[in-house]
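Just follow the structure's listing: the first ligand is 1, and inside any ligand the first atom is 1. The first residue of the sequence shown is numbered 1, and numbering continues consecutively from there.
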Amino acid sequence: MIYRQYGTTGKKVSLLGFGGMRFGHIDDPEVCVRMMLKAAEGGVTYFDTAPGYFETKSESVFGKGLAELRRRNLPYYVATKTFKTTESDIRREIEAQLKRLDVDAIDFYHIWCITNLENWQARKKDGILETFRKLKDQGLIRHICVSSHLVRDEIGQLLMEGVFEGVLFGYSAYNFQTREAAFNAIRAKKLGAVVMNPLGGGIIPQHPELFGFLKPNPEASVVAEALRFLWDHEDISVTLVGFKEESDVADALAAIEGYKPRTQAELAAVKSRASASFEGVCTGCAYCDDCPQEIPIPRFMESYNQKLLNDQPGTNVILNRLKNHWQIDPHKAADCVECGQCEQACTQHIDIIERLKLITSAVKSAS
Ligand code: SF4
Ligand code: SF4
(Lines give C-alpha, C1' and ligand atoms only; values in the text may rest on other atoms or scores of the structure.)
(Ligands and ions follow the chains in the order given, each with its own letter.)
Protein backbone atom coordinates (compact mmCIF):
# COMPACT_ATOMS: atom_id res chain seq x y z
CA MET A 1 0.00 0.00 0.00
CA ILE A 2 1.04 3.56 -0.62
CA TYR A 3 0.42 6.21 2.03
CA ARG A 4 0.24 9.95 1.47
CA GLN A 5 -0.06 12.99 3.71
CA TYR A 6 -3.59 14.32 4.17
CA GLY A 7 -2.87 18.04 3.82
CA THR A 8 -1.31 19.51 6.95
CA THR A 9 -3.19 17.29 9.41
CA GLY A 10 -0.07 15.22 10.08
CA LYS A 11 -2.04 12.10 9.13
CA LYS A 12 -0.84 9.69 6.49
CA VAL A 13 -3.68 7.94 4.71
CA SER A 14 -3.86 5.06 2.28
CA LEU A 15 -3.92 6.11 -1.36
CA LEU A 16 -6.65 3.50 -1.92
CA GLY A 17 -9.71 4.37 0.17
CA PHE A 18 -12.81 2.31 0.98
CA GLY A 19 -16.06 3.93 -0.21
CA GLY A 20 -19.19 2.70 1.56
CA MET A 21 -21.67 3.78 -1.11
CA ARG A 22 -21.90 0.63 -3.23
CA PHE A 23 -22.11 -2.38 -0.90
CA GLY A 24 -23.73 -5.18 -2.89
CA HIS A 25 -25.04 -6.94 0.23
CA ILE A 26 -25.94 -4.14 2.61
CA ASP A 27 -28.43 -6.33 4.47
CA ASP A 28 -25.75 -8.87 5.22
CA PRO A 29 -23.45 -7.07 7.69
CA GLU A 30 -21.13 -10.10 7.91
CA VAL A 31 -20.21 -9.72 4.22
CA CYS A 32 -19.75 -5.95 4.59
CA VAL A 33 -17.53 -6.38 7.63
CA ARG A 34 -15.49 -9.03 5.80
CA MET A 35 -14.95 -6.57 2.95
CA MET A 36 -13.75 -3.86 5.34
CA LEU A 37 -11.49 -6.32 7.09
CA LYS A 38 -9.97 -7.54 3.84
CA ALA A 39 -9.29 -3.93 2.79
CA ALA A 40 -7.72 -3.06 6.14
CA GLU A 41 -5.54 -6.19 6.05
CA GLY A 42 -4.38 -5.02 2.62
CA GLY A 43 -3.34 -1.69 4.12
CA VAL A 44 -6.42 0.50 3.49
CA THR A 45 -6.77 3.02 6.34
CA TYR A 46 -9.29 5.51 4.90
CA PHE A 47 -12.97 4.51 5.19
CA ASP A 48 -15.63 6.87 3.84
CA THR A 49 -19.38 6.72 4.27
CA ALA A 50 -22.38 9.07 4.53
CA PRO A 51 -25.79 9.07 6.22
CA GLY A 52 -27.51 8.94 2.83
CA TYR A 53 -25.82 5.75 1.69
CA PHE A 54 -28.47 3.02 1.94
CA GLU A 55 -30.52 5.22 4.31
CA THR A 56 -27.90 5.11 7.12
CA LYS A 57 -27.29 1.36 6.75
CA SER A 58 -23.80 2.02 5.37
CA GLU A 59 -22.87 3.93 8.53
CA SER A 60 -24.31 1.12 10.64
CA VAL A 61 -22.26 -1.60 8.93
CA PHE A 62 -19.24 0.70 9.16
CA GLY A 63 -19.82 0.74 12.93
CA LYS A 64 -19.58 -3.06 13.01
CA GLY A 65 -16.60 -3.11 10.64
CA LEU A 66 -14.64 -0.47 12.55
CA ALA A 67 -15.23 -2.34 15.83
CA GLU A 68 -13.73 -5.43 14.19
CA LEU A 69 -10.71 -3.42 12.98
CA ARG A 70 -10.15 -2.16 16.54
CA ARG A 71 -10.35 -5.70 17.89
CA ARG A 72 -7.60 -6.67 15.47
CA ASN A 73 -5.51 -3.54 16.03
CA LEU A 74 -5.86 -2.50 12.41
CA PRO A 75 -5.47 1.28 12.01
CA TYR A 76 -8.19 3.33 10.29
CA TYR A 77 -9.62 6.79 9.79
CA VAL A 78 -13.34 7.24 9.34
CA ALA A 79 -14.93 9.92 7.17
CA THR A 80 -18.59 10.81 6.94
CA LYS A 81 -20.74 13.79 6.03
CA THR A 82 -23.75 15.90 6.85
CA PHE A 83 -26.21 17.65 4.61
CA LYS A 84 -27.72 19.53 7.57
CA THR A 85 -27.01 23.22 7.98
CA THR A 86 -28.27 24.53 11.31
CA GLU A 87 -26.45 23.80 14.57
CA SER A 88 -29.36 21.95 16.15
CA ASP A 89 -29.87 19.73 13.09
CA ILE A 90 -26.16 18.99 12.76
CA ARG A 91 -25.89 18.13 16.45
CA ARG A 92 -28.82 15.71 16.19
CA GLU A 93 -27.26 14.14 13.10
CA ILE A 94 -23.76 13.73 14.50
CA GLU A 95 -25.07 12.23 17.72
CA ALA A 96 -26.80 9.53 15.68
CA GLN A 97 -23.75 9.08 13.45
CA LEU A 98 -21.37 8.57 16.38
CA LYS A 99 -23.73 5.88 17.69
CA ARG A 100 -24.07 4.16 14.32
CA LEU A 101 -20.34 4.30 13.65
CA ASP A 102 -19.60 3.27 17.24
CA VAL A 103 -16.81 5.85 17.64
CA ASP A 104 -16.17 8.82 19.96
CA ALA A 105 -15.13 11.15 17.15
CA ILE A 106 -15.22 11.35 13.37
CA ASP A 107 -11.79 11.84 11.79
CA PHE A 108 -12.87 13.64 8.63
CA TYR A 109 -16.30 15.28 8.79
CA HIS A 110 -17.61 16.78 5.57
CA ILE A 111 -20.03 19.52 4.74
CA TRP A 112 -21.76 17.39 2.15
CA CYS A 113 -22.26 17.99 -1.52
CA ILE A 114 -21.92 21.65 -2.40
CA THR A 115 -23.49 21.80 -5.85
CA ASN A 116 -23.26 25.54 -6.56
CA LEU A 117 -21.93 28.63 -4.87
CA GLU A 118 -25.42 29.95 -4.01
CA ASN A 119 -26.05 26.74 -2.13
CA TRP A 120 -22.78 27.30 -0.26
CA GLN A 121 -23.69 30.88 0.68
CA ALA A 122 -27.04 29.67 2.00
CA ARG A 123 -25.37 27.09 4.21
CA LYS A 124 -22.91 29.66 5.50
CA LYS A 125 -25.80 31.93 6.46
CA ASP A 126 -27.11 29.10 8.62
CA GLY A 127 -23.82 29.22 10.55
CA ILE A 128 -22.44 25.90 9.34
CA LEU A 129 -18.80 26.92 9.67
CA GLU A 130 -19.21 28.07 13.26
CA THR A 131 -20.96 24.81 14.08
CA PHE A 132 -18.18 22.73 12.53
CA ARG A 133 -15.55 24.74 14.45
CA LYS A 134 -17.43 24.08 17.70
CA LEU A 135 -17.66 20.34 16.93
CA LYS A 136 -13.92 20.29 16.40
CA ASP A 137 -13.20 22.23 19.61
CA GLN A 138 -15.42 19.77 21.47
CA GLY A 139 -13.50 16.81 20.05
CA LEU A 140 -16.47 15.33 18.17
CA ILE A 141 -14.74 15.74 14.83
CA ARG A 142 -11.04 15.88 14.11
CA HIS A 143 -10.89 17.62 10.73
CA ILE A 144 -13.24 19.97 8.87
CA CYS A 145 -13.74 18.93 5.25
CA VAL A 146 -16.09 19.61 2.40
CA SER A 147 -17.43 17.56 -0.48
CA SER A 148 -18.27 19.29 -3.71
CA HIS A 149 -19.69 18.89 -7.20
CA LEU A 150 -18.39 22.30 -8.22
CA VAL A 151 -16.32 22.63 -11.35
CA ARG A 152 -13.38 24.66 -12.59
CA ASP A 153 -12.66 27.87 -10.61
CA GLU A 154 -15.83 27.58 -8.52
CA ILE A 155 -14.27 24.86 -6.41
CA GLY A 156 -11.24 27.12 -5.84
CA GLN A 157 -13.52 29.84 -4.49
CA LEU A 158 -15.02 27.38 -2.03
CA LEU A 159 -11.66 26.07 -0.86
CA MET A 160 -10.17 29.52 -0.38
CA GLU A 161 -12.50 29.95 2.64
CA GLY A 162 -9.50 28.97 4.74
CA VAL A 163 -11.38 26.76 7.18
CA PHE A 164 -11.12 23.44 5.37
CA GLU A 165 -8.44 20.84 5.90
CA GLY A 166 -9.51 18.63 3.05
CA VAL A 167 -11.89 18.23 0.15
CA LEU A 168 -13.72 15.32 -1.47
CA PHE A 169 -14.74 15.65 -5.11
CA GLY A 170 -15.31 13.63 -8.26
CA TYR A 171 -12.23 13.36 -10.42
CA SER A 172 -11.36 10.77 -13.02
CA ALA A 173 -10.05 10.26 -16.54
CA TYR A 174 -13.60 11.10 -17.65
CA ASN A 175 -13.97 14.55 -16.06
CA PHE A 176 -10.43 15.63 -15.20
CA GLN A 177 -10.57 18.67 -17.50
CA THR A 178 -13.53 20.10 -15.57
CA ARG A 179 -11.99 19.50 -12.18
CA GLU A 180 -8.26 20.08 -12.67
CA ALA A 181 -8.48 23.72 -11.45
CA ALA A 182 -9.36 22.42 -7.97
CA PHE A 183 -5.75 21.40 -7.51
CA ASN A 184 -4.55 25.02 -7.67
CA ALA A 185 -6.50 25.75 -4.48
CA ILE A 186 -5.58 22.38 -2.96
CA ARG A 187 -1.89 23.18 -3.38
CA ALA A 188 -2.28 26.81 -2.28
CA LYS A 189 -4.10 25.82 0.90
CA LYS A 190 -2.16 22.56 1.42
CA LEU A 191 -5.37 20.54 1.67
CA GLY A 192 -5.96 16.83 1.73
CA ALA A 193 -7.58 15.77 -1.55
CA VAL A 194 -9.85 12.75 -1.72
CA VAL A 195 -11.29 11.87 -5.11
CA MET A 196 -14.38 9.78 -5.76
CA ASN A 197 -15.92 8.15 -8.82
CA PRO A 198 -12.53 6.98 -10.12
CA LEU A 199 -14.19 5.11 -12.99
CA GLY A 200 -16.50 7.98 -13.96
CA GLY A 201 -19.55 6.23 -12.49
CA GLY A 202 -18.96 3.15 -14.69
CA ILE A 203 -18.50 5.14 -17.91
CA ILE A 204 -14.81 4.21 -18.24
CA PRO A 205 -15.19 0.40 -18.16
CA GLN A 206 -18.28 0.65 -20.41
CA HIS A 207 -16.30 2.54 -23.09
CA PRO A 208 -12.78 1.16 -23.24
CA GLU A 209 -12.34 2.51 -26.79
CA LEU A 210 -13.06 6.09 -25.69
CA PHE A 211 -10.53 5.79 -22.89
CA GLY A 212 -7.92 4.08 -25.02
CA PHE A 213 -5.74 7.18 -24.52
CA LEU A 214 -5.01 5.88 -21.02
CA LYS A 215 -3.47 2.63 -22.22
CA PRO A 216 0.27 2.36 -22.83
CA ASN A 217 -0.33 -0.78 -24.93
CA PRO A 218 -3.41 -2.55 -26.36
CA GLU A 219 -3.28 -5.34 -23.77
CA ALA A 220 -3.41 -2.97 -20.77
CA SER A 221 -6.60 -2.96 -18.68
CA VAL A 222 -8.53 0.29 -18.97
CA VAL A 223 -9.73 0.00 -15.36
CA ALA A 224 -6.21 -0.46 -13.97
CA GLU A 225 -4.98 2.43 -16.15
CA ALA A 226 -7.84 4.69 -14.98
CA LEU A 227 -6.77 4.08 -11.38
CA ARG A 228 -3.12 4.57 -12.28
CA PHE A 229 -4.11 7.89 -13.87
CA LEU A 230 -5.29 9.03 -10.41
CA TRP A 231 -2.47 7.48 -8.40
CA ASP A 232 0.05 9.28 -10.61
CA HIS A 233 -1.46 12.60 -9.53
CA GLU A 234 0.81 13.78 -6.74
CA ASP A 235 -1.82 16.05 -5.13
CA ILE A 236 -4.31 13.24 -4.52
CA SER A 237 -4.21 11.86 -0.98
CA VAL A 238 -6.91 9.17 -1.34
CA THR A 239 -8.74 7.57 -4.26
CA LEU A 240 -12.08 6.27 -3.03
CA VAL A 241 -13.35 3.10 -4.62
CA GLY A 242 -16.93 2.08 -3.84
CA PHE A 243 -16.79 -1.67 -3.38
CA LYS A 244 -19.74 -3.84 -4.30
CA GLU A 245 -18.41 -7.38 -3.90
CA GLU A 246 -15.60 -8.95 -1.90
CA SER A 247 -13.78 -9.67 -5.15
CA ASP A 248 -13.74 -5.92 -5.95
CA VAL A 249 -11.66 -5.33 -2.82
CA ALA A 250 -9.19 -8.02 -3.89
CA ASP A 251 -8.98 -6.56 -7.41
CA ALA A 252 -8.29 -3.02 -6.18
CA LEU A 253 -5.65 -4.23 -3.72
CA ALA A 254 -3.97 -6.22 -6.51
CA ALA A 255 -4.06 -3.13 -8.76
CA ILE A 256 -2.34 -0.92 -6.22
CA GLU A 257 0.22 -3.60 -5.40
CA GLY A 258 1.07 -3.80 -9.12
CA TYR A 259 1.00 -0.02 -9.63
CA LYS A 260 3.93 1.34 -11.60
CA PRO A 261 4.17 5.15 -11.31
CA ARG A 262 4.69 7.32 -14.37
CA THR A 263 6.65 10.56 -14.43
CA GLN A 264 4.63 13.80 -14.43
CA ALA A 265 5.74 14.37 -18.05
CA GLU A 266 4.34 10.96 -19.03
CA LEU A 267 1.08 11.76 -17.23
CA ALA A 268 0.84 15.10 -19.07
CA ALA A 269 1.29 13.24 -22.37
CA VAL A 270 -1.60 10.90 -21.47
CA LYS A 271 -3.84 13.89 -20.67
CA SER A 272 -2.96 15.60 -23.93
CA ARG A 273 -4.25 12.58 -25.88
CA ALA A 274 -7.72 12.81 -24.27
CA SER A 275 -9.31 15.57 -26.38
CA ALA A 276 -8.84 13.73 -29.67
CA SER A 277 -10.30 10.60 -28.15
CA PHE A 278 -13.31 12.53 -26.79
CA GLU A 279 -14.48 14.02 -30.12
CA GLY A 280 -18.26 14.65 -29.80
CA VAL A 281 -18.18 14.19 -26.05
CA CYS A 282 -18.20 17.21 -23.73
CA THR A 283 -14.98 17.43 -21.74
CA GLY A 284 -16.20 20.30 -19.56
CA CYS A 285 -13.50 22.66 -20.81
CA ALA A 286 -16.02 25.58 -20.53
CA TYR A 287 -14.82 27.49 -23.58
CA CYS A 288 -18.53 27.78 -24.45
CA ASP A 289 -19.55 29.12 -21.06
CA ASP A 290 -20.47 32.66 -22.02
CA CYS A 291 -24.00 32.20 -23.30
CA PRO A 292 -25.92 35.49 -23.75
CA GLN A 293 -29.01 33.63 -22.48
CA GLU A 294 -27.08 32.49 -19.39
CA ILE A 295 -27.60 28.82 -20.17
CA PRO A 296 -25.02 26.84 -18.17
CA ILE A 297 -23.93 24.98 -21.31
CA PRO A 298 -21.14 22.80 -19.86
CA ARG A 299 -23.54 21.33 -17.31
CA PHE A 300 -26.19 20.72 -19.95
CA MET A 301 -23.65 19.03 -22.22
CA GLU A 302 -22.20 16.94 -19.39
CA SER A 303 -25.74 15.76 -18.69
CA TYR A 304 -26.11 14.89 -22.38
CA ASN A 305 -22.91 12.86 -22.05
CA GLN A 306 -24.80 10.60 -19.69
CA LYS A 307 -27.11 9.63 -22.56
CA LEU A 308 -24.18 9.02 -24.87
CA LEU A 309 -22.07 7.09 -22.43
CA ASN A 310 -24.21 5.60 -19.73
CA ASP A 311 -25.83 3.08 -22.02
CA GLN A 312 -29.33 3.91 -20.82
CA PRO A 313 -31.96 4.29 -23.51
CA GLY A 314 -34.19 7.37 -23.60
CA THR A 315 -33.64 10.90 -22.46
CA ASN A 316 -34.61 10.61 -18.80
CA VAL A 317 -30.98 10.06 -17.92
CA ILE A 318 -30.25 13.62 -19.11
CA LEU A 319 -33.12 15.15 -17.16
CA ASN A 320 -32.21 13.20 -14.02
CA ARG A 321 -28.62 14.33 -14.25
CA LEU A 322 -29.62 17.98 -14.66
CA LYS A 323 -32.08 17.90 -11.79
CA ASN A 324 -30.38 15.60 -9.29
CA HIS A 325 -26.68 16.03 -9.90
CA TRP A 326 -26.42 19.62 -11.13
CA GLN A 327 -29.67 20.90 -9.58
CA ILE A 328 -30.52 22.83 -12.75
CA ASP A 329 -33.97 23.38 -14.22
CA PRO A 330 -33.94 21.56 -17.61
CA HIS A 331 -36.49 24.11 -18.95
CA LYS A 332 -33.57 26.56 -19.27
CA ALA A 333 -32.52 24.75 -22.48
CA ALA A 334 -35.51 26.36 -24.22
CA ASP A 335 -33.96 29.83 -23.75
CA CYS A 336 -31.43 29.15 -26.54
CA VAL A 337 -31.77 31.71 -29.37
CA GLU A 338 -29.42 29.76 -31.65
CA CYS A 339 -26.83 32.55 -31.92
CA GLY A 340 -24.19 29.87 -32.54
CA GLN A 341 -21.53 31.46 -30.32
CA CYS A 342 -21.11 28.36 -28.17
CA GLU A 343 -20.69 25.98 -31.12
CA GLN A 344 -17.95 28.16 -32.56
CA ALA A 345 -16.10 27.98 -29.27
CA CYS A 346 -16.57 24.25 -28.69
CA THR A 347 -13.31 22.33 -28.74
CA GLN A 348 -15.12 19.04 -29.30
CA HIS A 349 -17.28 20.25 -32.22
CA ILE A 350 -20.49 19.42 -30.42
CA ASP A 351 -23.85 20.31 -31.96
CA ILE A 352 -24.88 22.12 -28.80
CA ILE A 353 -28.00 23.72 -30.31
CA GLU A 354 -29.36 20.34 -31.46
CA ARG A 355 -28.67 18.80 -28.08
CA LEU A 356 -30.45 21.65 -26.30
CA LYS A 357 -33.44 21.17 -28.63
CA LEU A 358 -33.53 17.49 -27.79
CA ILE A 359 -33.46 18.31 -24.09
CA THR A 360 -36.32 20.80 -24.57
CA SER A 361 -38.42 18.13 -26.30
CA ALA A 362 -37.58 15.65 -23.56
CA VAL A 363 -38.78 18.16 -20.96
CA LYS A 364 -42.03 18.64 -22.91
CA SER A 365 -42.67 14.91 -23.21
CA ALA A 366 -41.92 14.38 -19.54
CA SER A 367 -44.42 17.04 -18.40
S1 SF4 B 1 -26.49 29.05 -29.39
FE2 SF4 B 1 -27.92 29.02 -27.68
S3 SF4 B 1 -26.80 28.04 -26.03
FE4 SF4 B 1 -25.30 28.65 -27.57
S5 SF4 B 1 -24.57 30.65 -26.84
FE6 SF4 B 1 -26.24 31.01 -28.30
S7 SF4 B 1 -28.08 31.15 -27.03
FE8 SF4 B 1 -26.49 30.23 -25.77
S1 SF4 C 1 -16.82 23.95 -25.28
FE2 SF4 C 1 -17.74 21.99 -25.89
S3 SF4 C 1 -16.51 20.46 -24.78
FE4 SF4 C 1 -16.10 22.44 -23.80
S5 SF4 C 1 -17.63 22.55 -22.13
FE6 SF4 C 1 -18.54 23.54 -23.91
S7 SF4 C 1 -19.74 21.91 -24.89
FE8 SF4 C 1 -18.30 20.93 -23.50
Counting neighbours of CD on Glu55 that are heavy atoms of other residues, nucleotides or ligands and sit closer than 6.0 Å, is the number greater than 12? no
Selected option - heavy-atom contact closest to atom 3 (S) of ligand 1, from Ile353, Ile352, Leu356, Asp290: Leu356
Please confirm whether the backbone N or O of Asp232 pairs with a side-chain atom of Gln264, one donor and one acceptor, at under 3.5 Å? yes
Pick out which of Arg92, Arg133, Lys134 makes a salt bridge (Lys or Arg N to Asp or Glu O under 4.0 Å) with Glu87. Lys134
Protein heavy-atom partner closest to atom 5 (S) of ligand 2 - residue, atom, separation in Å: Ala286 N, 3.2 Å
Of all the non-hydrogen atoms in the protein, which one sits nearest to atom 4 (Fe) of ligand 2, and at what distance? Cys285 SG, 2.3 Å
Which protein heavy atom lies closest to atom 2 (Fe) of ligand 2, and at what distance to 0.1 Å? Cys346 SG, 2.4 Å
Considering only the protein, which heavy-atom contact is closest to atom 1 (S) of ligand 1, and what is its distance? Gly340 N, 3.3 Å
Interfacing atoms of ligand 1 (cut-off 4.0 Å, heavy-atom, Cys336): 1 (S), 2 (Fe), 3 (S), 7 (S)
When you measure from atom 6 (Fe) of ligand 2 to every protein heavy atom, which one gives the shortest distance, and what is it? Cys288 SG, 2.3 Å
Would you indicate which of Ala345, Cys282, Gly284 comes nearest to atom 8 (Fe) of ligand 2 when only heavy atoms are counted? Cys282
Do Phe164 and Trp120 pass the ring-ring contact (aromatic ring centres under 6.0 Å, His included) test, and can you show the C-alpha distance, the side-chain angles, and the key distance before you say yes or no? CA-CA 14 Å; Phe164 300 117; Trp120 170 234; 5.8 Å; yes
Using a 4.0 Å heavy-atom cut-off, say whether Glu338 meets ligand 1 through its side chain, its backbone, both or neither. backbone
Evaluate Phe229 against Tyr174 for ring-ring contact (aromatic ring centres under 6.0 Å, His included), listing each step before the verdict. CA-CA 11 Å; Phe229 178 83; Tyr174 164 60; over 10 Å; no
Provide the number and element of each atom of ligand 1 under 4.0 Å from a heavy atom of Gln293. 7 (S)
Are the aromatic rings of Tyr46 and Tyr3 close, with centres under 6.0 Å apart? no
Which of the numbered atoms in ligand 1 are below 4.0 angstrom from a heavy atom of Pro292? 5 (S)
Under 2.8 Å from atom 6 (Fe) of ligand 1 - does any N, O or S atom of Cys339 fall there? yes
Top protein contact for atom 7 (S) of ligand 2, by heavy-atom distance: Met301 CG, 3.6 Å
For Tyr77 and Phe47, I'd like to know if the aromatic rings sit close, meaning centre-to-centre distance below 6.0 Å. no
Might you confirm whether atom NZ of Lys38 has over 12 heavy atoms from other residues, nucleotides or ligands at distances under 6.0 Å? no
Determine, using heavy atoms of Val337 and all atoms of ligand 1, whether some pair is separated by less than 4.0 Å. yes
So, the side chain of Gln5 versus the backbone of Ser237: is there a donor-acceptor pair under 3.5 Å, distance only? no
